[in-house]
Visitor: 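The structure follows.
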There are 2 protein chains.
Amino acid sequence: MTTPAAITLLAWDRLLGAGARALRTARAELKRAGLPPLEWYDILVALDRRGAMRPRDLQRVLDIEQYNLSRLLARMQRAGLVTVAPCLSDGRGQIVALTEAGVACRTAMWPAYAAAIHGSIEAPLEPDERIHLAGMLQKIA
Amino acid sequence: MTTPAAITLLAWDRLLGAGARALRTARAELKRAGLPPLEWYDILVALDRRGAMRPRDLQRVLDIEQYNLSRLLARMQRAGLVTVAPCLSDGRGQIVALTEAGVACRTAMWPAYAAAIHGSIEAPLEPDERIHLAGMLQKIA
DNA sequence: TGTATCTTGATGCAGCCGCATCGATCGACA
DNA sequence: TGTCGATCGATGCGGCTGCATCAAGATACA
């Protein structure tokens, strides 16, 4: 293992920097609009698109820690955005489903979120650059 | 403001995903080696390269929150990696400087950090791709 | 069937973060 | 010089994260 090349270090710094800044602006946009935290959105979308599912599956889809998801769902349940029902086919498990308020929340969050995405990715890059960027980020991930 | 294009959303997801995974592996690598958290490294490097400086300047260089830096420096001071002295030219301010242990720590952290960077950025990409990636990330940040 | 092992989800604890605010000092200006 | 607004850095508080662990149920297998 030799030390990484200079261009690699530059890319690393910018990857972390760009990621952090993108997250910050998205969170700020949501907060400014009085909306729930960013993390909730991914869960709302996943449940909306894939239908009700078990926490374990959500965890795999969203690449999130188990204990983190557990408490995240508890908060969202308290906020009335999801329901948690016992799983009939597995006594340990649960079925998490969106409520109407959950769907409405997903809808309400989108404009603020979209604005942040637009400002971070779409505005500063040409269309073909975005394609290129997505391609290279995929190779990383 | 129209809704972002599909490729934009893809790039967004992958930017956050790649950033999160890169951070996770770097942190894991450091922890596995019994080394301090990732955030400390940037401070050690900044102080090493630019010499002793005031927290306010560190804050601007590293793009970090004020209260966050304040507590970060307190921890590093407790660990003996930096010294904090009153600033002669400004009664409010301080001068933060590296100790020998701080320099040694920076050195000790590098191999683990470099391995994570190599695995995340250098290994999966061709040299010209890394140049391209760094360029586009710069336009974002 | 009975037992050992794995999986699922929750939680106590300590540490870090975000927010608001504070005390101290600085700089500008009448 | 005295006053006022700005800047610097610290900190109390509540919320979130990471870690280790737990209890309950599923699964495998003798």
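The chains referred to below are lettered A, B, ... by the order of the sequence lines, with proteins before strands, and numbering in each begins at 1.
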Visitor: Examine dC19(C): is either OP1 or OP2 under 4.0 Å from a nitrogen or oxygen in the side chain of Q66(B)? Give yes or no.
Guide: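 For dC19(C), neither OP1 nor OP2 has a side-chain N or O of Q66(B) closer than 4.0 Å.
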
Visitor: dG9(C), OP1 or OP2 - any side-chain N/O from R54(A) closer than 4.0 Å?
Guide: yes

Visitor: Can you tell me the distance, in whole Å, between the CD atom of E65(B) and the C1' atom of dT11(D)?
Guide: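 So the two atoms are 16 Å apart, to the nearest Å.
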
Visitor: Nearest-nucleotide wise, let me know which of R75(A) and L88(A) is further upstream toward the 5' end of DNA chain D.
Guide: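 Upstream on the strand: R75(A).
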
Visitor: Which one, dG18(D), dA6(D), dG9(D), comes nearest to the side chain of R92(B)?
Guide: dA6(D)

Visitor: Rounded to the Å, how far apart are K31(A) NZ and dC17(C) C1'?
Guide: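 To the nearest whole Å, that distance equals 10 Å.
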
Visitor: Rounded to the nearest 0.5 Å, what separates atom OH in Y113(A) from atom CZ in R27(A)?
Guide: 9.5 Å

Visitor: Are any of the side-chain nitrogens in R71(B) or E65(B) under 4.0 Å away from the carboxylate oxygens of its partner?
Guide: no

Visitor: Within this structure, what is the CD-to-P distance between E39(B) and dT17(D), rounded to whole angstrom?
Guide: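 After rounding, the gap between these two atoms is 15 Å.
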
Visitor: Measuring to OP1 and OP2 of dG18(C), would you say a side-chain N or O of N68(B) lies under 4.0 angstrom away?
Guide: yes

Visitor: Determine: side-chain N/O of S70(B) to OP1/OP2 of dA10(D), distance under 4.0 Å, yes or no.
Guide: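 So the side chain of S70(B) is within the cut-off, an N or O lying under 4.0 Å from OP1 or OP2 of dA10(D).
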
Visitor: Do NZ/NE/NH1/NH2 and the carboxylate oxygens of D63(A) and R24(B) come within less than 4.0 Å?
Guide: yes

Visitor: Whole angstrom is fine here: how far is it from CG in L72(B) over to C1' in dA10(D)?
Guide: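 So the two atoms are 14 Å apart, to the nearest Å.
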
Visitor: Quickly work out the L38(B) CG to dC16(C) C1' distance and round it to whole Å.
Guide: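 Distance check: L38(B) CG to dC16(C) C1' gives 14 Å.
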
Visitor: Could a donor-acceptor pair under 3.5 angstrom be found where the side chain of R71(B) meets the base of dG9(D)?
Guide: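 A donor-acceptor contact between them is absent.
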
Visitor: Does the side chain of R27(A) get closer than 4.0 angstrom to OP1 or OP2 of dC17(C) through an N or O atom?
Guide: no

Visitor: Taking CZ from R24(B) and C1' from dC19(D), how many angstroms apart are they, rounded to a whole number?
Guide: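 Atom-to-atom, R24(B) to dC19(D), this comes out as 16 Å.
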
Visitor: Atom CD of E39(B) and atom CG of L72(B): how far apart are they, to the nearest 0.5 Å?
Guide: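 E39(B) CD to L72(B) CG: 7.0 Å, rounded to 0.5 Å.
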
Visitor: Which whole-number value in Å describes the distance from L23(A) CG to dC17(C) C1'?
Guide: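 About 14 Å, once rounded to whole Å.
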
Visitor: Check whether any side-chain nitrogen or oxygen of Q94(B) sits under 4.0 Å from OP1 or OP2 of dA10(D), and answer yes or no.
Guide: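 Indeed, a polar side-chain atom of Q94(B) lies that close.
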
Visitor: Rounded to the nearest Å, what distance is computed from the CE atom of residue M53(B) to the P atom of nucleotide dG9(D)?
Guide: 11 Å

Visitor: For the pair D57(B) and R60(B), find out whether any cationic side-chain nitrogen is under 4.0 Å from an anionic carboxylate oxygen.
Guide: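 Looking at R60(B) together with D57(B), the answer is yes, because their closest N to O distance falls below 4.0 Å.
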
